[in-house]
J.: 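Structure incoming, see below.
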Amino acid sequence: MDHAEGDEARQDDNIDSGSDSDTPLGKRKRPAVRKRVLDDDDDDNEDADTLSSSDSGAPALKRTRPAAAKRKSYKDDSSESDGEGDYRGSSDSDVPLAKKKAADSKSAKSNGSSKTNGSNGTSRTKAAPKYKEESDSDAPLAKKAASKKTTTTTKTKVKSEPVSSSKSKQSSTTIKKRVKEEVDDKSKVKKIKKEEVDDKGKVKKVKKEEDEDEDADAWWLNQKENEDESVKWTSLKHNGVYFPPDYVPHGVKMKYDGKPITLAPAVEEVAGFFGALLFTEHAENPTFQENFFKDFSKLAKAHKTSPEITSFKKCDFTPMYEYYQAEREKRKNMTKEQKEAAKEEKMALDEMYGTCYLDGRKEKVGNFRIEPPGLFRGRGKHPKTGCLKLRVQPEQVSLNLSKDAPIPKAPAGHKWGAIVHDDTKTWLATWKENVNDSTKYVFLAAGSSLKGQSDLKKFETARALKKEIDWIRRGYMTDLKDKKMFIRQRATAMYLIDRLALRAGNEKGEDEADTVGCCSLRFEHVTLEKPNIMHLDFLGKDSIRYQKTVEVDEQVFKNIRLFKREPAQEGDDLFDRLKTSELNKHLQNLMKGLTAKVFRTYNASFTFQDQLRKTPKDGTVAEKLLAYNRANRDVAILCNHQRAVSKGHAGQIEKIEDKVRAYKYQRMKQKKMILSLEPKLKKKRPELLEPESDLEDDWIEEHEAQLMEKERERIKAKFEKDNLKRKENKEKPMPAGELKDLLKEVDVRAKELAKERKTGVVPPTRGATVEKCNTQILKLDERIAATRLTLTDKEENKQTALGTSKINYIDPRISAAWCEKYDVPLDKIFTKTLRDKFKWAMTVDADWEF
DNA sequence: TAGAAAACTTAGCATCGTCTTT
DNA sequence: AAAGACGATGCTAAGTTTTCTA
């Protein structure tokens, strides 16, 4: 924003930035975390910082970036007690975590005293990692007890040392065990059911086939315990990957400087990439153009194109554009045979590359197609968008399969980059992509056992969090007031991640789009408003805007204000001493398997199940589905899953709005009629005089014209129909004059309406009474409200994508149980592919709980 | 041990396929 | 039959987390 401030800050910077100043600009490194004790006092200065410069209302997209983050004058650690009144953390909270563990037994005691801290005591104890091996029975129980039975001894709970070395194995085994038990139970039940059915002998084999297959492939029915998790398979056989066909030159010439020019095939191909995108947002994007042209002109030069292509402006790709448009058209108009042939071909490819054998089971491969060359389409303001993505050669591709598997043949004249036999990896093939230098993989499909297993594991971790969430929350609520900046920031971040379902927010590089998550939030992304309102406005993953206003906990509000004061400038990190790795490390300590994203999964699934309780027990299937989708939408909103509004949306909305206006129009007429019937009411019911909102005179005129037109149509149609009937009955048709008369009546009516418009007086229709009008108005009120509801419903749904949460965040067992409970067919909520993906989850019964 | 790379999940958009409307 | 709407699926970018490396 302003330089005056900035400069001052910069001076500050110089004083203490020390080692940071030599951090290379390009790399946005964080300052080494210097410890510091909070010296602020929350409660004063309140006004001083009520905020904020940057609330222009515009999204905070500017990136003032680089050097910023690193300045700040941190006091050092030697704590001056700040005498903060509400700091309750007894001795332990300022002990570094490592030491805290040792101190636990003590703290448990001291905490036991006050009630509020009683629970804290538990959490504190818990904070030291000691996930119980067998059965969750003991540690978690303590917590349960604490919350349920209120009292219970915290003291006895204090356990010895955490076994941090043996790491995650134990807990995951525990989870597995639990799952297995559950599954075993279920399958028993199922089997019994089956037998019963069989005994009665009546029910046919209907899906016998499927069932058998299922059993054979039902990995979830016999999860092995103590299996080494890192080993993913013992046998893996597949046919490699499919490469896109070589480029076939079409000879269509682009124009340069107004003249058609001849391009070498390789150059023509790239020109075509751009041509095909002409008139899209990408092709209009300057960065895209620039990046494209850089690569394109270089390539053209390498092929000695003449004349040399040096100016983007002189390029005219429209001939190519037209060519590709025509190709599209052709494809659309393929004959049946051609379509059939294409299908065959696709099936053959699917069979060849789309399937593999994993431990002898036939499984689907996800993306067996090597990504074809093209122009990189980065999202948002990606600095590299438009860059040429090169064709991948077999030499760049590594395959992963078991030693006993035959090595697929590389395309003629080529060799594979490498053949590996790594049974700890799930990928079948990998290569490096040239634009961002990132690694691409071919994995199994979503419905495969491997993916299913990790899906199950994911949700089990989320369910584990459900059991721990209470004390974890109490823990970070306490930490919000910790003296150490780092702890405070960590707690605040946890709060946001938990309550707002934010992503972790890793650091990003200079050559990526500037998007953020929780830990990478910057000054300008958050504005505060007294007393405890927080506005968030930033670009998240995929450059999707996150814009929400929320009420936050008082202490969170104070903390953010404090963090903001530190940077005090755009471009500075809000959580300047927190990295996702540190956050996750902490979370690991709280619960094995816990990472930032687990909160998203947990909250999504939990919210969903919670919202589903609104399902009408005895409604129609449609009503139940409505409830389902509402719950789904709540989750999508929570996770900020958006989509571009569809093209026709505005039109559709317009239509509904028109409908509302039409109702309002009718209501207006009714009101005026009342006044005609009973002029005295003007005083008693002044609302009758109030004009309807959003009802313009022009609109009314047009609307009435439409009404009349419709009326005429109706009359004509009726007239003709009547005559047809008469004909059938051998009667004489009505004379055309009759129709004319009828239509004249409409004209008369139109004149009446025009008059009403002018005078504002609506004479009562025959038989009208005030009462009747009143009921009419009431009805209209209702209709208007209902239509408005569908309007907001539609409006919100239009930019909310339900799919992502359904696919990734909502435990499918919740849905399966719901279907069972409310007797809704599964395929009403899951497509075939989703049913396939979630087949492991479909055996739960109606009372299953997340 | 931090930073980079690898591995894997999550994400929206383009396109496809199917069903409805014109 | 064409056009349009819309959900399902494919594609690959963009995240997070885990693992490797210097």
Side-chain angles (χ1 to χ4, degrees), chain A residues 27 29-30 32-33 167-168 230 232 276-277 280-282 328 331-333 339 342-343 346 350 354 366-372 374 376-380 382 384-385 389 398 400 422 424-427 430 432-433 435-446 450-451 454-455 457-458 497 503-509 512-513 515-520 539-544 579-585 587-588 593-598 600-601 604 636 639-644 646-649 651-652 799-809 830-834 836-837:
Chain A
K27 285 285 176 165
K29 287 198 186 123
R30 290 185 172 252
V33 179
K167 287 262 162 170
S168 62
S230 64
K232 305 288 173 36
L277 292 176
T280 65
E281 220 166 296
H282 279 119
R328 275 174 155 226
R331 222 177 319 135
K332 253 200 292 190
N333 298 330
K339 278 182 185 165
K343 214 170 191 177
K346 189 171 172 287
D350 277 348
N367 258 25
F368 54 82
R369 278 166 217 273
I370 293 286
E371 294 175 17
F376 173 69
R377 282 132 108 143
R379 318 231 171 105
H382 194 119
K384 292 202 172 181
T385 194
K389 193 166 91 171
S398 300
N400 187 25
D422 188 344
T424 67
K425 304 292 183 291
T426 66
W427 55 266
T430 183
K432 203 72 165 271
E433 155 271 353
V435 175
N436 294 294
D437 202 34
S438 66
T439 322
K440 301 277 188 163
Y441 299 88
V442 172
F443 292 116
L444 290 188
L450 278 178
K451 294 288 189 189
S454 69
D455 232 23
K457 192 174 147 204
K458 169 180 79 184
I497 286 170
R503 295 189 184 83
N506 287 307
E507 297 264 340
K508 291 193 75 183
E512 296 176 272
T515 62
V516 299
C518 183
C519 294
S520 46
L539 295 184
K541 182 178 178 181
D542 292 305
S543 294
I544 295 295
K579 278 191 276 188
T580 53
S581 54
E582 293 162 331
L583 175 65
N584 277 335
K585 209 158 108 195
L587 295 177
Q588 277 309 316
L594 186 59
T595 59
K597 85 188 185 83
V598 178
R600 250 167 104 81
T601 314
C639 295
N640 202 40
H641 290 142
Q642 302 191 4
R643 58 172 175 168
S646 70
K647 259 188 255 157
H649 179 63
Q652 291 165 344
Q799 44 180 357
T800 308
L802 304 190
T804 308
S805 52
K806 195 188 252 188
I807 293 167
N808 299 304
Y809 288 103
F830 287 144
T831 63
K832 189 154 54 67
T833 31
L834 276 191
D836 188 41
K837 170 176 160 120

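This structure is a prediction, so every number in the text was calculated from the model and none was measured. Sequence lines set the chain letters: A, B, ... in the order given, protein chains first and strands last, and positions in each chain run from 1.
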J.: Are any side-chain N or O atoms of A:K451 and backbone N or O atoms of A:F443, one a donor and one an acceptor, separated by less than 3.5 Å?
T.: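 Judged by distance alone, no pair lies under 3.5 Å.
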J.: Rounded to whole Å, please give me the gap between CG in A:D437 and C1' in B:dG3.
T.: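 Atom CG in A:D437 sits about 15 Å away from atom C1' in B:dG3.
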J.: OP1, OP2 of C:dT16 versus side-chain N and O of A:N506: anything below 4.0 Å?
T.: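 Answer is yes, contact under 4.0 Å.
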J.: So, A:K597 side chain and A:A504 main chain: donor-acceptor pair closer than 3.5 Å or not?
T.: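 No; judged by distance alone, with no hydrogens or angles, the pair does not exist.
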J.: Look at the side-chain N and O atoms of A:K346 and state whether any lies under 4.0 Å from the OP1 or OP2 oxygen of B:dC16.
T.: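 No, because none of the side-chain N or O atoms of A:K346 sits under 4.0 Å from OP1 or OP2 of B:dC16.
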J.: Decide, yes or no, whether a salt bridge links A:K346 with A:D350 under the criterion of side-chain N to carboxylate O below 4.0 Å.
T.: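 Judged by the 4.0 Å cut-off on N to carboxylate O distance, A:K346 and A:D350 do form a salt bridge.
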J.: Rounded to the nearest Å, what distance is computed from the NZ atom of residue A:K508 to the P atom of nucleotide B:dG3?
T.: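 In whole Å, B:dG3 P and A:K508 NZ are 19 Å from each other.
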J.: Could you tell me the separation between the CG atom of A:L444 and the C1' atom of B:dC8, rounded to a whole number of Å?
T.: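 About 12 Å, once rounded to whole Å.
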J.: Looking for any heavy atom pair under 4.0 Å, which part of the strands does A:K232 touch: base, sugar-phosphate only, or nothing?
T.: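 A:K232: backbone/sugar contact only, no base atoms under 4.0 Å.
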J.: What one-letter contact string describes nucleotides 9-15 of chain B from 5' to 3', where B marks a base within less than 4.0 Å of any protein heavy atom, S marks contact via sugar-phosphate atoms alone, and - marks no contact?
T.: BBSBS-S
J.: How long is the line joining CG of A:N400 and C1' of B:dA7, in whole Å?
T.: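 The distance from CG of A:N400 to C1' of B:dA7 comes to 12 Å, rounded to the nearest Å.
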J.: Tell me the interatomic distance from A:E433, atom CD, to B:dA6, atom C1', rounded to whole angstroms.
T.: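 Distance check: A:E433 CD to B:dA6 C1' gives 14 Å.
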J.: In sequence, state the C-alpha distance, the side-chain angles, and the governing distance for A:C639 and A:T804, and then conclude on side chain to side chain contact (heavy atoms under 4.5 Å, CB included).
T.: CA-CA 9 Å; A:C639 295; A:T804 308; over 6 Å; no
J.: Distances for protein N/O vs nucleotides 18-22 of chain C N/O pairs under 3.5 angstrom?
T.:
none

J.: Assign A:G540 to base, sugar-phosphate, or nothing according to its heavy-atom contacts below 4.0 angstrom with the strands shown.
T.: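 Sugar-phosphate contact only - A:G540 comes under 4.0 Å of backbone atoms but never of a base.
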J.: Does the side chain of A:R379 come within less than 4.5 Å of A:T515's, by heavy atoms?
T.: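 No, side chains not in contact.
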J.: So A:G378, base contact, sugar-phosphate only, or nothing? Heavy-atom distance under 4.0 Å.
T.: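 Sugar-phosphate only.
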J.: Identify the heavy atoms of A:W427 and A:S398 that sit nearest to each other, and give their distance.
T.: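 Looking at all heavy atoms of both residues, the shortest contact is CZ3-O, 3.9 Å.
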J.: Quick one: does A:Q588's side chain have a donor or acceptor within less than 3.5 Å of a partner on A:L594's backbone?
T.: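 Here the side-chain-to-backbone pair exists.
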J.: Given pairs defined as Watson-Crick or G-U wobble with both distances under 3.5 Å, what dot-bracket annotation applies to DNA chain B, with ( ) intrastrand, [ ] crossing, | other strand and . unpaired?
T.: ||||||||||||||||||||||
J.: Distance-only, no hydrogens or angles: does the A:Q642 side chain make a donor-acceptor pair with backbone N or O of A:A801 under 3.5 Å?
T.: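 The answer is no, because no donor-acceptor pair under 3.5 Å joins these two groups.
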J.: Using a cut-off of strictly less than 4.0 Å, decide whether A:K389 has a side-chain nitrogen or oxygen near OP1 or OP2 of C:dA13.
T.: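 Yes, within the criterion.
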J.: Given B:dA7, is OP1 or OP2 found less than 4.0 Å from the side-chain N or O atoms of A:T439?
T.: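 No, no such contact exists.
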J.: Mark yes or no for whether A:K384, through its side chain, and A:F376, through its backbone, hold a donor-acceptor pair below 3.5 Å.
T.: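 Side chain of A:K384 to backbone of A:F376, a donor-acceptor pair under 3.5 Å: no, none is there.
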J.: Any sub-3.5 Å donor-acceptor pair from A:N367's side-chain atoms to A:R369's backbone N or O?
T.: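 The answer is no, because no donor-acceptor pair under 3.5 Å joins these two groups.
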J.: Quick one: on DNA chain C, does A:K832 or A:N367 contact a more 5' nucleotide (nearest heavy atom)?
T.: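 Result: A:K832.
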J.: Walk me through it: do A:K425 and A:T430 pass the test side chain to side chain contact (heavy atoms under 4.5 Å, CB included)?
T.: CA-CA 11 Å; A:K425 304 292 183 291; A:T430 183; over 6 Å; no
J.: Atom CG of A:L539 to atom C1' of C:dA13: distance rounded to whole Å?
T.: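 My rounded result for the distance is 16 Å.
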J.: Figure out the NZ/P separation between A:K440 and B:dC8, and round it to whole Å.
T.: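 These atoms are roughly 16 Å apart.
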J.: Base, sugar-phosphate, or nothing for A:K432, non-hydrogen atoms under 4.0 angstrom?
T.: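 Here A:K432 touches the backbone only, sparing every base.
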J.: Do A:K232 side-chain atoms and A:T424 backbone N/O form a donor-acceptor pair below 3.5 Å?
T.: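 Yes, because the side chain of A:K232 sits within donor-acceptor range (under 3.5 Å) of the backbone of A:T424.
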J.: At under 4.0 Å between heavy atoms, what does A:T580 touch on the DNA or RNA strands: base, sugar-phosphate, or nothing?
T.: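 Answer is nothing: A:T580 stays at 4.0 Å or more from every strand.
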J.: Tell me whether A:T385 contacts the main-chain N or O of A:H382 through its side chain, where contact means a donor paired with an acceptor under 3.5 Å.
T.: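 Checking the backbone N and O of A:H382 against the side chain of A:T385, no donor-acceptor pair under 3.5 Å is found.
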J.: Any base atoms under 4.0 Å from A:K339, or only sugar-phosphate, or nothing? Heavy atoms, all strands.
T.: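 Result for A:K339 = nothing.
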J.: Between C:dC11 atom P and A:R369 atom CZ, what is the distance in whole Å?
T.: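 Checked: the CZ to P distance equals 5 Å.
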